[in-house]
> 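Dropping the structure in here first, questions after.
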2 protein chains.
Amino acid sequence: MGDVSEVELVRRWQGLLARHAAVYNALEQELRQHHDLGVPEFEALERLAGCQLGKCRGAELSEAVHLSQSAASRLVARMERDGLVERSLCEDDRRGIFVRLTEHGRRRYLDARPTHRAVLATTLDPQ
Amino acid sequence: MGDVSEVELVRRWQGLLARHAAVYNALEQELRQHHDLGVPEFEALERLAGCQLGKCRGAELSEAVHLSQSAASRLVARMERDGLVERSLCEDDRRGIFVRLTEHGRRRYLDARPTHRAVLATTLDPQ
DNA sequence: CGAAAGTACATGCACGCGCATCTAATGCCA
DNA sequence: TGGCATTAGATGCGCGTGCATGTACTTTCG
């Protein structure tokens with residue numbers, strides 16, 4: 001049905017790789033330079049800012065940032081060290097944690113968002 | 001003209017991130033398991049296999065694999081260590097090098113290609 | 001020609017990643 | 001209830017990455 005030739009498949013993948021690299025590198029560059037944030041940090045902030053009360057379970061966060069569980073765990077640790085988020089115990093299931101956006105984290109997110117959107121606007125248009 | 005709303009822009013970027021992660025992780029998994037190759041290694045092999053005589057300048061390779069110059073240099077070093085490629089001096093410009101596919105490298109590439117294409121076919125269709 | 005700027009690739013370094021594994025808490029079932 | 005499999009998250013480890021820099025060669029220009 002939706003069959004596509006092998007060369008078409010490869011062409012799509014190359015395109016995906018190229019667009020991903022272009023946007024990702026530009027984002028990394030701009031977010032780092034102007035806001036001292038990495039792409040995963042920003043993605044996590046954005047996810048948390050969209051959550052009710054700014055709380056979020058660790059596993060949800062791993063999925064949102066497209067990182068392994070261990071990488072997400074360390075990401076949260078770095079962000080906590082930098083005062084962007086706080087970890088709190090989850091009383092319902094005491095194995096788990098909640099990650100909560102701090103006021104400082106929310107401010108950093110709101111500051112960085114225009115930069116993020118501007119990069120997307122300039123590097124994502126030939127979609 | 002081609003103006004899109006901010007939310008649409010973010011939606012596209014999230015989609016790009018998700019598709020990239022899905023395909024990349026699946027490729028990495030399958031290529032590693034069945035052929036002991038990483039995604040950058042395979043991309044480099046594919047580029048070299050498409051070159052006349054299987055030769056290619058280092059800089060071209062960096063661009064093809066979407067890696068920094070230093071990462072590409074180390075990639076070539078690993079691949080040379082594993083017998084996939086050979087580095088030779090470029091007589092025209094003795095700063096540069098040629099990277100040449102070995103017979104063993106070509107075989108490894110041809111072996112891995114069906115796996116690569118199969119993964120693309122199963123993870124890239126909802127394009 | 002000769003010095004300075006530029007280019008191609010290599011390498012020291014710090015750091016983020018995934019995998020495997022560990023710890024602690026939970027769920028399941030006899 | 002007691003024991004075993006399961007799940008959430010943390011961590012040791014090896015490795016690949018980008019940045020800054022080093023080295024060798026080339027180009028430019030006075």
Side-chain angles (χ1 to χ4, degrees), chain A residues 17 20-33 36-44 48 55-82 84-100, chain B residues 17 20-33 36-44 48 55-82 84-100:
Chain A
L17 274 175
H20 177 270
V23 180
Y24 194 98
N25 292 340
L27 268 183
E28 179 69 32
Q29 165 92 15
E30 294 294 304
L31 288 177
R32 180 64 61 193
Q33 181 168 341
D36 196 31
L37 288 174
V39 175
E41 281 79 0
F42 182 87
E43 301 283 341
L48 287 168
K55 298 172 90 171
C56 188
R57 288 292 292 272
E60 301 173 52
L61 217 50
S62 306
E63 190 181 349
V65 297
H66 305 291
L67 247 38
S68 71
Q69 181 270 320
S70 68
S73 174
R74 292 179 211 271
L75 174 63
V76 170
R78 287 195 304 275
M79 293 177 73
E80 183 170 47
R81 170 174 58 70
D82 296 344
L84 300 173
V85 301
E86 283 173 355
R87 270 182 289 204
S88 57
L89 292 179
C90 173
E91 286 306 322
D92 300 353
D93 182 344
R94 288 169 38 185
R95 294 169 301 183
I97 58 164
F98 274 124
V99 182
R100 194 164 50 77
Chain B
L17 274 175
H20 177 270
V23 180
Y24 193 96
N25 292 340
L27 268 183
E28 179 68 32
Q29 164 92 15
E30 293 295 303
L31 288 176
R32 180 63 62 192
Q33 182 167 341
D36 196 30
L37 288 174
V39 174
E41 281 79 0
F42 182 87
E43 301 284 339
L48 287 167
K55 298 172 89 170
C56 187
R57 289 292 293 271
E60 301 173 54
L61 217 50
S62 306
E63 191 182 348
V65 297
H66 305 292
L67 247 38
S68 70
Q69 181 270 319
S70 68
S73 173
R74 293 179 210 269
L75 174 64
V76 170
R78 287 196 302 275
M79 292 176 73
E80 184 170 46
R81 172 173 56 71
D82 295 344
L84 300 172
V85 301
E86 282 174 356
R87 270 181 289 202
S88 57
L89 291 179
C90 172
E91 286 306 323
D92 300 354
D93 180 345
R94 288 170 34 189
R95 294 168 302 182
I97 59 164
F98 275 124
V99 182
R100 195 165 49 77

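Both backbone and side-chain heavy atoms feed into the values below; hydrogens, waters and symmetry mates do not. To find a chain, count down the sequence lines: A is the first, B the second, and so on, and within it residues start at 1.
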> Arg94(A): what forms a side chain to side chain donor-acceptor pair (under 3.5 Å) with it, not counting sequence neighbours?
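So Arg94(A) forms no side chain to side chain donor-acceptor pair (under 3.5 Å) with any residue.
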
> List the atom of Gly96(A), the atom of Arg57(A), and the distance in Å for their closest heavy-atom pair.
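Result for this residue pair: CA-NH2, 3.7 Å.
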
> Can you check the Glu60(A) CD to dA8(D) P distance for me, whole Å?
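In whole Å, dA8(D) P lies 11 Å from Glu60(A) CD.
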
> Main chain of Arg100(B), side chain of Glu86(B): is a donor-acceptor contact present, judged purely on distance under 3.5 Å?
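No, Glu86(B) side chain to Arg100(B) backbone: no donor-acceptor pair under 3.5 Å.
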
> Between atom CD in Glu80(B) and atom P in dT11(C), what is the gap in whole Å?
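About 11 Å, once rounded to whole Å.
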
> Using both pair distances under 3.5 Å as the test, note the stems of at least 3 consecutive Watson-Crick or G-U pairs that include DNA chain D.
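For DNA chain D the paired stretches long enough to count as stems (3 pairs minimum) are C:1-30 with D:1-30.
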
> To the nearest angstrom, how far is Glu43(B) atom CD from dG16(D) atom C1'?
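That distance rounds to 16 Å.
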
> Starting at CG of Asp92(A) and ending at C1' of dG27(C), how long is that distance when rounded to a whole Å?
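Going from Asp92(A) (CG) to dG27(C) (C1'), I get 15 Å.
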
> Whole angstroms only, please: what is the CD-P distance between Glu91(B) and dC25(D)?
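After rounding, the reported distance stands at 11 Å.
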
> Could you list all the salt bridge (Lys or Arg N to Asp or Glu O under 4.0 Å) pairs where at least one residue sits in residues 58-76 of chain A, not counting sequence neighbours?
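For residues 58-76 of chain A, and leaving out neighbouring residues, the salt bridge (Lys or Arg N to Asp or Glu O under 4.0 Å) pairs sorted by first residue read Arg47(A)-Glu60(A).
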
> Working to the nearest 0.5 Å, report the span between CG of Leu48(B) and CG of Leu84(B).
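Going from CG on Leu48(B) over to CG on Leu84(B), the span is 10.0 Å.
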
> Between Glu63(A) (CD) and dA8(D) (C1'), how many Å, whole number?
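Rounded to whole Å, this separation is 15 Å.
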
> Answer whether the closest heavy-atom distance between the side chains of Leu17(A) and Glu43(B) falls below 4.5 Å.
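Yes, at least one pair of side-chain atoms sits under 4.5 Å.
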
> Nearest of dA8(C), dA10(D), dT11(C) to any side-chain atom of Arg57(B)?
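Between dA8(C), dA10(D), dT11(C), the one nearest the side chain of Arg57(B) would be dA8(C).
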
> Base, backbone or nothing for each nucleotide of nucleotides 14-25 of chain C, written B, S, -, heavy atoms under 4.0 angstrom, 5' to 3'?
--SSBB----BB

> At under 4.0 Å, does any side-chain N or O of Ser73(B) touch on OP1 or OP2 of dC9(C)?
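So the side chain of Ser73(B) is outside the cut-off, no N or O lying under 4.0 Å from OP1 or OP2 of dC9(C).
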
> Not counting sequence neighbours, which residues clear salt bridge (charged side-chain N to carboxylate O under 4.0 Å, His left out) with Asp93(B)? List them please.
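Here the qualifying residues are Arg95(B).
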
> Under the rule for salt bridge (charged side-chain N to carboxylate O under 4.0 Å, His left out), what residues qualify as partners of Glu80(B), not counting sequence neighbours?
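Once residues adjacent in sequence are excluded, the partners of Glu80(B) under the salt bridge (charged side-chain N to carboxylate O under 4.0 Å, His left out) criterion are Arg87(B).
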
> Closest heavy-atom contact between Leu75(B) and Ala44(B)?
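Shortest heavy-atom contact: CD2-CB, 4.2 Å.
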
